[in-house]
Amino acid sequence: MNRREAARQVGAFYAKRGWQVFPFQRAVWQAALAGESGLLHATTGSGKTFAVWFAALQRAMCAPPTRKRGLRVLWITPMRALAADTLRALTESAAELMPGWTVDARTGDTSSAARARQAKHLPDTLITTPESLTLMLSKADAATQFALLDMVIIDEWHELMGNKRGVQTQLALARLRRWAHQAGGTLVVWGLSATLGNLPRAKEVLLGPGMPGATVEGSIRKDILVDTLIPANPSRFPWAGHLGIQMLPAVIGEIERHATTLVFCNTRSQAELWYQNMLEARPDWAGIIALHHGSLDKEVRDWVELGLKKGELKAVVCTSSLDLGVDFLPVERVLQIGSAKGIARLLQRAGRSGHAPGRVSRVTLVPTHSLELLEAAGAIQAVKDRDIEARHVPEKPLDVLVQHLVTIALGGGFRSEALFDEVRGAWSYRHLTEEEWQWALDFVARGGQSLTVYPEYRRVLPDEEGVYRVPDVALGRRHRMGIGTIVSEAMIQVKYQSGGRIGTVEEGFIARLNKGDNFLFGGRILEFIRVHEMTAYVKRATGAKGAVPRWQGGKMPLSSELAHAALAQMQLVTEGVYSGPEMLAIAPLLEIQARWSALPTPARTVIESLHSREGHHLFVYPFAGRAVHIGLASLFAYRIGRMQPITFSIAVNDYGFELLAPDNVDWPTVFAPAHGRDVGLFGTDRLLEDVMASLNATEMSQRRFREIARIAGLVFQGYPGQPKSNRQIQASSSLFFEVFRKHDAGNLLLTQAQREVLEQELELNRLRATLEELQGRAVSYHETKRATPFGFALMVERFREKLSTEKLSDRVARVLRELEKAAGP
DNA sequence: GACCTGCTGCGGTGTG
């Protein structure tokens with residue numbers, strides 16, 4: 001078939017359904033037919049899926065007829081749930097355009113019968129996850145399986161590119177590209193992305209450094225509306241807090257007025273509490289409102305998702321578990337309780353409503369404390385400006401590389417030089433040095449310097465011809481069980497004594513419960529009975545309230561974009577401009593702040609000191625997000641400590657930080673630039689050294705190392721169904737940490753742990769940028785008689801999270817003592 | 001006077 005005929009048939013497919021063909025879809029088809037790779041960027045619900053899928057089909061329609069059967073198109077999705085939805089969509093359209101063309105899915109959910117079928121004969125199109133793809137690469141016959149591969153599509157690339165799953169995908173793509181090249185062809189690769197600030201980078205990472213490719217932007221401009229539920233009585237609204245239950249009546253009102261509403265919460269426990277409160281207020285909603293978060297059992301979540309799809313649910317209280325993965329939901333209204341923390345996330349959530357070309361997406365912010373009104377005003381402006389966060393791509397994570405080496409050794413073996421070359425074709429490893437490569441190779445061959453005597457760490461060995469392979473079946477099996485880069489806490493299953501599964505909670509939470517204690521989980525009050533083999537047995541409790549489980553999740557900081565937008569709003573206020581109802585509502589509070597102290601703006605850093613019974617407080621408001629503020633606070637404490645002996649307690653939030661000292665400090669002198677060009681506390685010279693010295697970097701690295709050890713295959717997670725407990729995993733990873741520190745200081749996985757702490761947990765680059773910004777801002781110093789609105793939130797924060805420099809140094813001392821003991825005589 | 005929190009995602013063996 002020629003191209004014109006193929007295009008005609010696809011056109012007929014659209015015409016039959018009354019769909020419009022958008023120019024961006026044509027652009028993708030033309031590029032792909034010409035053998036070009038690329039990135040397609042468009043909002044959700046704009047027809048991206050069919051744009052790339054029909055590109056693949058048209059390539060197949062135009063290909064010379066062949067009798068060879070095998071895999072032609074590979075579709076990679078980050079989520080199993082999406083695999084099922086995609087399978088349906090692709091199968092239906094393929095049946096019409098390419099009769100006889102087979103589409104199948106392969107994820108962890110794939111049945112053993114389907115696996116056996118696929119082992120014999122792969123379908124023409126396979127939908128899979130990065131992990132399942134990597135598993136396929138670990139099979140000895142991988143090269144044959146992918147011999148006919150023509151096109152790869154990576155769905156939701158923006159979700160993958162910023163993390164190690166994306167790096168694993170890059171490595172797999174490099175492998176597939178190499179095979180296609182060896183067979184004399186080129187692999188056509190297309191990525192799909194939405195809500196992303198750095199498109200050119202996204203494309204480069206997907207296609208490999210320096211590789212050509214097209215960027216196609218979906219032309220449909222989605223109208224996005226962001227607004228705010230303003231508290232009924234703003235002057236009585238709390239200055240701090242995160243639950244926002246005061247807003248319950250307003251939220252219930254919104255739910256009443258619309259067919260289906262998603263209520264997004266920032267944490268699982270918050271979702272549990274909101275759901276419970278909602279049911280208490282509206283008992284008649286039992287059965288038509290539901291709860292959805294990542295710790296609930298899959299069966300429960302499936303039921304909720306199905307209810308949503310059928311339009312049977314009035315509202316679902318959820319966390320970002322509903323951000324993705326459930327496509328084509330008929331949702332009318334989206335509410336966001338508390339800060340969305342970033343513009344990309346907000347846009348994504350807005351996109352859950354009006355999910356079809358031409359319809360308006362709307363999200364309504366529900367503040368949980370007064371200052372969030374400020375954030376809301378900033379967010380609305382940032383969305384208007386489409387000021388979207390960039391995703392940062394990990395740079396040569398060696399744990400992922402080490403895992404990959406074993407995978408490829410299993411999947412037919414490799415020669416060092418050829419694989420080195422191939423790996424450097426993956427963007428994240430483009431700067432991988434010869435030494436680093438040798439180190440990784442040595443690490444899988446001998447376990448590095450310190451593990452040489454243990455055969456289970458001699459995972460990969462060269463044969464006489466110099467081809468590296470895995471010498472032992474058992475090692476291979478163990479490796480396959482550990483493929484992937486997602487590392488989570490050890491979880492305890494929660495089950496009814498009668499058998500039903502409810503979900504999972506963290507080991508530490510259950511450990512604090514006694515028999516007979518109640519807790520709120522899965523939307524009901526449960527009574528804890530006993531724990532046995534990583535399973536907690538419970539029964540329905542009668543009446544009373546219960547504790548809410550806490551999960552140790554990530555603590556996402558406010559993004560720079562959103563923080564700057566909020567600061568900009570305060571600048572407007574100093575000029576007498578109130579941008580909307582949010583700013584008018586918060587005006588009285590800002591007026592107090594301005595009267596007692598001053599408003600922070602992009603041009604002015606506000607610093608306050610306060611003397612109270614607790615001691616001498618210092619408040620600083622850089623608006624740089626909590627991660628940076630932790631770094632800044634520790635850095636300031638350390639630098640001040642060098643001028644005069646003193647220790648501080650520290651508190652941080654997304655807007656600023658507090659230092660509390662027992663003794664008086666002469667703050668103006670501390671903040672005065674010493675002389676000339678000296679920028680004192682705000683200096684960036686010796687930043688890295690000072691940060692390392694001011695924080696307990698060792699302890700932070702050790703925590704980070706847990707994940708690295710697991711990905712690098714040092715720590716075995718246990719067999720499915722009998723997971724190791726947290727303590728066991730922690731113990732063995734900290735053992736490796738200590739052994740490497742003592743006997744193998746050059747171990748690059750240690751260096752990586754430290755780098756990840758600095759880059760990801762402390763956001764060192766953003767910290768440096770913030771210091772530079774602070775140098776350029778005027779300092780507005782105020783001694784206040786009582787805590788200002790901004791300061792109050794920080795004082796509250798300190799009660800829950802006690803970080804003190806004294807404690808840190810105690811901990812350092814303890815770690816040092818332990819190390820000396822471990823070193824022994 | 002005000003408070004007490006921290007998301008998501010995947011994968012896998014055993015041969016009596």
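Residue numbering restarts at 1 for every chain, and letters A, B, ... go by the order of the sequence lines.
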So if I take every side-chain heavy atom of [X] and compare against [options], which nucleotide ends up nearest?
X: A/His293; options: B/dC10, B/dT8, B/dG11; value: B/dT8
X: A/Ile486; options: B/dG6, B/dC3, B/dC10; value: B/dC10
X: A/Ser132; options: B/dT8, B/dG6, B/dG11; value: B/dG11
X: A/Ser320; options: B/dC10, B/dG11, B/dT8; value: B/dT8
X: A/Arg301; options: B/dT8, B/dG11, B/dG9; value: B/dG9

Problem - A/Tyr655 ring center within less than 6.0 Å of A/Tyr621 ring center - result: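 Between A/Tyr621 and A/Tyr655, the centre distance exceeds or equals 6.0 Å.
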
Problem - Sub-6.0 Å ring centroid separation between A/His293 and A/Trp551 - result: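 So the answer is yes for these two rings.
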
Describe the nucleic acid contact of [X] in one word from base, sugar-phosphate, nothing, applying a heavy-atom distance below 4.0 Å.
X: A/Ser370; value: nothing
X: A/Leu135; value: sugar-phosphate
X: A/Phe792; value: base
X: A/Lys164; value: nothing
X: A/Gly108; value: sugar-phosphate
X: A/Arg710; value: base
X: A/Thr485; value: nothing
X: A/Arg80; value: sugar-phosphate

Practice task
Take A/Ile586 and A/Leu371 through the test side-chain contact (heavy atoms from CB on, under 4.5 Å) and record every step on the way to the result.
Solution key: CA-CA 8 Å; A/Ile586 201 183; A/Leu371 294 181; 4.2 Å; yes

Handout entry: Distance test, side-chain N/O of A/Ser321 to OP1/OP2 of B/dG9, below 4.0 Å
Key =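 A/Ser321 to B/dG9 OP1/OP2: no side-chain N or O under 4.0 Å.
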
Handout entry: Non-neighbouring partners of A/Glu372 that pass side-chain hydrogen bond (donor to acceptor under 3.5 Å, both in side chains), sequence neighbours left out
Key =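 Testing A/Glu372 for side-chain hydrogen bond (donor to acceptor under 3.5 Å, both in side chains), a comparison that skips the adjacent residues, returns A/Thr368.
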
Handout entry: Nearest-Å distance for atom pair CG/C1', residues A/Leu243 and B/dC4
Key =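 Those two atoms, CG and C1', are 9 Å apart.
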
